[in-house]
Peer 1: 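Would you mind keeping the following structure in view while I ask a few things?
Any value given below was found using the heavy atoms of this structure, including those in side chains, with hydrogens, waters and symmetry copies removed.
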Amino acid sequence: MKTTHPFLDLGTVFDELFNAANQFYNEFEITDCYPGFSYPPMNIFLTEDKILNFEFALAGFDEKNISLSFSGDYMIFSARMEDAESGNPANVHYLKRRLKLKDIENQKYYVPMDKYVHEKVQAVYKNGILKVTIPPKPEKTQNQGISITIITENS
């Protein structure tokens with residue numbers, strides 16, 4: 001007596017999962033082209049009207065020591081901690097240390113010039129949070145071209 005065991009074709013299952021994930025990501029234009037810096041904590045998101053938003057948690061930083069600029073398709077972010085050494089004495093034994101105040105050097109974030117208006121960026125620093133908003137460029141309307149009228153010539 002021969003028994004048959006049903007089996008699951010994992011290749012087909014994974015293909016279906018990956019296709020569904022690709023459709024989801026393509027529908028919402030989700031791409032992860034931003035580095036995974038762990039410091040400072042931050043959020044990057046798009047609003048419904050396609051405004052690109054950055055939120056940086058900068059507790060302990062002074063506004064005058066924060067620098068934002070654009071270089072080509074990249075926003076460059078830096079921040080300098082005033083008296084960082086005085087906040088970290090050498091002869092201290094930490095029982096728990098999660099707050100490490102340190103300088104932030106030239107972190108790059110992709111903000112393509114062909115999709116966003118770099119000249120209209122807004123940055124607001126309030127209560128230790130730096131909020132940067134970058135508006136999208138207006139969508140170009142498709143030029144319908146020039147219509148040509150065809151005339152029938154009588155011979």
Peer 1: Please list all pairs meeting salt bridge (charged side-chain N to carboxylate O under 4.0 Å, His left out) that have one or both residues in residues 59-70, counting only residues at least two apart or in different chains.
Peer 2: Asp62-Lys64, Lys64-Glu82

Peer 1: Pairs of donor and acceptor atoms involving the side chains of residues 124-132, under 3.5 Å and at least two apart or interchain, shall be tabulated with distances.
Peer 2:
residue: Tyr125; atom: OH; partner: Leu58; partner atom: O; Å: 3.0
residue: Tyr125; atom: OH; partner: Phe61; partner atom: O; Å: 2.6

Peer 1: Say whether, by atom type as modelled, one donor and one acceptor occur between the side chain of His118 and the main chain of Met75 under 3.5 angstrom.
Peer 2: no

Peer 1: Taking only residues two or more places apart in sequence, or in another chain, which ones meet Lys120 in a side chain to side chain contact (heavy atoms under 4.5 Å, CB included)?
Peer 2: Val117, Pro135

Peer 1: Would you give the length of the straight line joining atom NZ of Lys108 to atom OG of Ser71, rounded to the nearest 0.5 angstrom?
Peer 2: 6.5 Å

Peer 1: Of all residues at least two apart in sequence or in a different chain, which pass the ring pair (Phe, Tyr, Trp, His ring centres under 6.0 Å) check with Tyr39?
Peer 2: none

Peer 1: Do the side chains of Phe54 and Ile134 get nearer than 4.5 Å, heavy atoms only?
Peer 2: yes

Peer 1: Residues in side-chain hydrogen bond (donor to acceptor under 3.5 Å, both in side chains) with Thr47, at least two apart?
Peer 2: Asp49

Peer 1: Has Asp103 got a side-chain atom pairing as donor or acceptor with Met81's backbone, closer than 3.5 angstrom?
Peer 2: yes

Peer 1: For Asp73, which residues count as a salt bridge (Lys or Arg N to Asp or Glu O under 4.0 Å) partner, sequence neighbours excluded?
Peer 2: none

Peer 1: How far does CE of Met42 sit from CD1 of Ile44, to the nearest 0.5 angstrom?
Peer 2: 3.5 Å

Peer 1: For a quick test of reading the model, state the closest non-hydrogen atom pair linking Phe70 to Val121 and the distance between them.
Peer 2: CE1-CG1, 4.0 Å

Peer 1: Applying ring pair (Phe, Tyr, Trp, His ring centres under 6.0 Å), can you list everything that pairs with Phe56, at least two apart in sequence or on another chain?
Peer 2: Phe77, Tyr109

Peer 1: Of all the heavy-atom pairs spanning Pro40 and Ala57, show the shortest one and how long it is.
Peer 2: CB-O, 3.3 Å

Peer 1: Could I get the full list of side-chain hydrogen bond (donor to acceptor under 3.5 Å, both in side chains) partners for Ser78, not counting sequence neighbours?
Peer 2: Asn106

Peer 1: Can you sort out the partners of Glu55 under side-chain hydrogen bond (donor to acceptor under 3.5 Å, both in side chains), two or more places apart, ordered by chain and number?
Peer 2: Asn43

